> 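This is the structure, below, for whatever I ask next.
Throughout, a chain's letter reflects where its sequence line sits, starting with A, and its residues are numbered from 1. What you are looking at is a predicted structure, and each value in this text was computed from that prediction instead of being measured.
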4 protein chains.
Amino acid sequence: MPKLGMEPIRRAALVEATIHEIGAQGSLDITVKAIAERAGMSSALAHHYFGGKEQIFLAAMRYTLSVYGSEVSAALKKAKTPLERAEAIVTASFSSSNFLPDVIAAWLNFYVLAQTVPDAKRLLSIYQARLRSNLVHALRPMLGTRAPDVASRLAALIDGVYLRQSLVKSDRDHAIAAQQVLQYLHVELGDSSK
Amino acid sequence: MPKLGMEPIRRAALVEATIHEIGAQGSLDITVKAIAERAGMSSALAHHYFGGKEQIFLAAMRYTLSVYGSEVSAALKKAKTPLERAEAIVTASFSSSNFLPDVIAAWLNFYVLAQTVPDAKRLLSIYQARLRSNLVHALRPMLGTRAPDVASRLAALIDGVYLRQSLVKSDRDHAIAAQQVLQYLHVELGDSSK
Amino acid sequence: MPKLGMEPIRRAALVEATIHEIGAQGSLDITVKAIAERAGMSSALAHHYFGGKEQIFLAAMRYTLSVYGSEVSAALKKAKTPLERAEAIVTASFSSSNFLPDVIAAWLNFYVLAQTVPDAKRLLSIYQARLRSNLVHALRPMLGTRAPDVASRLAALIDGVYLRQSLVKSDRDHAIAAQQVLQYLHVELGDSSK
Amino acid sequence: MPKLGMEPIRRAALVEATIHEIGAQGSLDITVKAIAERAGMSSALAHHYFGGKEQIFLAAMRYTLSVYGSEVSAALKKAKTPLERAEAIVTASFSSSNFLPDVIAAWLNFYVLAQTVPDAKRLLSIYQARLRSNLVHALRPMLGTRAPDVASRLAALIDGVYLRQSLVKSDRDHAIAAQQVLQYLHVELGDSSK
DNA sequence: AATGAATGAGGATTCATTCAT
DNA sequence: GATGAATGAATCCTCATTCAT
């Protein structure tokens, strides 16, 4: 059964299984065995590839953050105007691949992980800094010195919407969630017409 | 040593110790023994008074929520105008007794607890409903039909600011956090002069 | 509330509660608290009166054995002939006050207790010796030197019927159980006509 | 140290250790740790293989019952006449491998277990039904309609002898115990000459 | 006489992790 | 590459027992 070049496949399977397991359990209080089973392998193998539970968590975090980052980057590339750039960031934050129940639950728990594990904290800080930087850059042409403040609020609002969504496990349309943040954006831009 | 009427004293000590232990550890992955020790008693006594770990957590949650609720109520009583009412809710949310590192960490973890424990979910839902109801009531005279939407965003923003604060753990002045949300409120109210 | 002369009342209540608790649980794996509650008092008081769990068990055993002994004695007094004496012993063994589900369960567990607790073993041995002595005395006029052997078998059969009854837990008529043993007795006596 | 295919070996070792531990302690009030130590492994491994204490007990019960069943079956195969069949069942019940102190103690405690654990009750009921069926089948040619009654008494007597033996932890010859029951059998068969 | 208060000790169970195969 | 075997450590929880009131 053992095949060559399995490592990336196994690692990916474990990362995905971790996110789903966190989602299913709603917390980080999950066992390596459960993750490994979900990924179709023994827990010993999971340790072999990752070294320990914490590193599995960190890999899942990196993966989630990178998926999110990629979507934002892709969306930014298509945007032409400052407004489009700002809207692109918000929209990407609520894209259908990010705003899934398991992923939302994972985000919440990554915040918890960051309280304890320095590496997790670092990852989360980097994500926040990048998001903020993107937002400031997009908003500056429109808002000038107010840009940093508004960017902070936008970022916090995005996180807050995620946090609240974790409670309502309904499949609320991600478009609605995005809309809520976009409206705030427009208010700040003085465009209260929509 | 045994004295009569210790129950309320012991329970209060355990609740407080729980919040601090969650804050110190940054997660719910804490032991009953650690909580009990912090509260100056044996873990057996903690079980005697609460029946189990989950109920200790729920008691800590109820306490935190009730402290918050009381502050909001008190602040609302002093407010005269609709604007003052809305501002009072925001300010109370960031009062110095709520915006403490341990309490912030506890809030984050209560969201995690709510994913698993139905009673925790119920408590959190009640808190959210009450907060939103207060906000809508305060905003309606000023914003009319836009009140519900803005209330939702305000509530999400408050949670988001808390969530982000859980990462920083610095003693950022709670006044600044409140200011950030108040500014958003003023933007919505068309008062972009500040 | 405390009254004078409560000791015998409390002790009796605890003994009875113990038998019922053993019956309800089906084992000696019961808590002093449960016994005390059933007897309407605190577990501390149970300890005060008996000194410890083991002594509570022993008291329950003594009581059960003495009730049984009294019934046998009373029945023997009424018997005139050797046959009546032998039948009286058997019948008393299955009297309605002995052949109750809880009491049957208690007997079984007293045998278990006797494996561990020397005092329990002594009590049970005394009961067995007395029963056997009564039987031999009653049978000797009829069976001569075969009396000891038959007495042993009768005694073992009585215990065996109890043991099996502990499984059924139905309210099988105690008369039927007695009948089964009496039939054996008659077979030994050469009276196979019934 | 880890070798493959250890499961059946470990399970067998635990089952045997359980019986000895019950025998040594005289009750089911034994720890998984003690069983595991006696079987030469950690308690964690015992849990790994059996899932829990109750299942260890049940396995020990199944084993004891199956050993007994096998001996009866083997003895029945050698028997030619009805009388030999009946005697074979009795003799097998007191064979040297069944009538060991630890096994006797285990039987007693299985009766206790059956009060609480439905699976244990089922196992014991099956054993009793099979024993009775075997006895009736063997006795019918000799006793006709009296066979069921006599079978019941024989079965109860066997259990009763076991029960009493549990008290006397001496190494009374198992042959004597068998003899006691066989004599009863012969009395019922009208052969009171021995 | 009676009990709430309090704890030490112990036990079942879980789990991350290691290792030989 | 993959896993069954194995365990030490930890944790929740229970309970008999003691003590001050």
> Heavy atoms, side chains only, cut-off 4.5 Å: are Asp119(B) and Gln55(B) in contact?
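Result no, sub-4.5 Å side-chain heavy-atom pair not found.
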> Mind calculating the distance between CD (Glu7(D)) and C1' (dT21(E)) to the nearest angstrom?
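Atom-to-atom, Glu7(D) to dT21(E), this comes out as 17 Å.
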> Would you mind reporting whether Ile22(B) and Phe110(B) have side-chain heavy atoms less than 4.5 Å apart?
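Phe110(B) reaches Ile22(B) side chain to side chain.
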> To the nearest 0.5 angstrom, please state how far the OG atom of Ser66(B) sits from the CE atom of Met61(B).
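The OG atom of Ser66(B) sits 12.0 Å away from the CE atom of Met61(B).
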> Could you check if a side-chain atom of Val117(A) sits within less than 4.5 angstrom of a side-chain atom of Phe57(A), using non-hydrogen atoms only?
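The answer is no; the side chains never approach within 4.5 Å.
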> Does Tyr49(C) reach the side chain of Met6(C), with side-chain heavy atoms less than 4.5 Å apart?
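In short, these two side chains touch, coming nearer than 4.5 Å.
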> Can you check each nucleotide of nucleotides 9-14 of chain F against protein heavy atoms at under 4.0 Å and return B for base, S for sugar-phosphate only, - for none, in 5' to 3' order?
--SSBB
> Can you check the Met41(C) CE to dT17(F) P distance for me, whole Å?
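Interatomic distance, CE of Met41(C) to P of dT17(F): 16 Å.
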> Given Watson-Crick or G-U pairs with both distances under 3.5 Å, what dot-bracket string fits DNA chain E, with | for other-strand pairs and [ ] for crossing?
.||||||||||||||||||||
> Please step through side-chain contact (heavy atoms from CB on, under 4.5 Å) for the pair Phe50(A) and Val32(A), ending with a clear verdict.
CA-CA 11 Å; Phe50(A) 280 100; Val32(A) 174; over 6 Å; no
> Without decimals, in angstroms, what is the distance between Gln25(D) CD and dG11(E) C1'?
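In whole Å, dG11(E) C1' lies 14 Å from Gln25(D) CD.
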> Mind checking Tyr49(A) for me? I need base, sugar-phosphate or nothing, with any heavy atom below 4.0 Å counting as a touch.
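Result for Tyr49(A) = sugar-phosphate.
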> Do you see a donor-acceptor pair shorter than 3.5 Å between the side chains of Ser166(C) and Gln115(D)?
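Per modelled atom types, Ser166(C) and Gln115(D) side chains form a pair under 3.5 Å.
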> Does any non-hydrogen side-chain atom of Ile35(C) lie less than 4.5 Å from one of Lys53(C)?
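When only atoms from C-beta onward are counted, Ile35(C) and Lys53(C) do not touch, as no gap falls below 4.5 Å.
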> Side chains of Leu45(C) and His48(C), heavy atoms from C-beta outward: is any pair under 4.5 Å?
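Yes - at least one pair of side-chain heavy atoms lies under 4.5 Å apart.
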> Whole Å only: how far is the CD1 atom of Ile35(A) from the P atom of dA16(E)?
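It is 8 Å, rounded to the nearest whole Å.
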> Whole angstroms only, please: what is the CZ-C1' distance between Arg11(B) and dA6(E)?
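In whole Å, dA6(E) C1' and Arg11(B) CZ are 16 Å from each other.
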> Which comes earlier along DNA chain F counting from the 5' end, the contact point of Leu45(D) or that of Leu45(A), where each point is its nearest nucleotide?
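Counting from the 5' end, the first nearest nucleotide belongs to Leu45(A).
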> Counting C-beta onward and ignoring hydrogens, is there a side-chain heavy-atom pair between Trp107(B) and Leu65(B) closer than 4.5 Å?
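Yes, close enough: below the 4.5 Å cut-off.
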> Measure from CZ on Phe50(C) to C1' on dA16(F) and round the result to the nearest Å.
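From Phe50(C) CZ to dA16(F) C1': 16 Å.
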> Please report the distance, rounded to the nearest Å, between CD1 in Ile56(A) and P in dC15(E).
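To the nearest whole Å, that distance equals 14 Å.
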> Heavy atoms, side chains only, cut-off 4.5 Å: are Tyr111(B) and Leu163(B) in contact?
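The answer is no; the side chains never approach within 4.5 Å.
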> Looking at residues 13-21 of chain D, who's got a heavy atom less than 4.0 Å off DNA chain E?
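Hits under 4.0 Å, by residue number: none.
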> Looking at Arg10(B), I'd like to know whether one of its side-chain N or O atoms comes within less than 4.0 Å of OP1 or OP2 on dG4(E).
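So the side chain of Arg10(B) is outside the cut-off, no N or O lying under 4.0 Å from OP1 or OP2 of dG4(E).
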> Whole angstroms only, please: what is the CZ-P distance between Phe57(D) and dT13(E)?
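Value for this atom pair: 10 Å.
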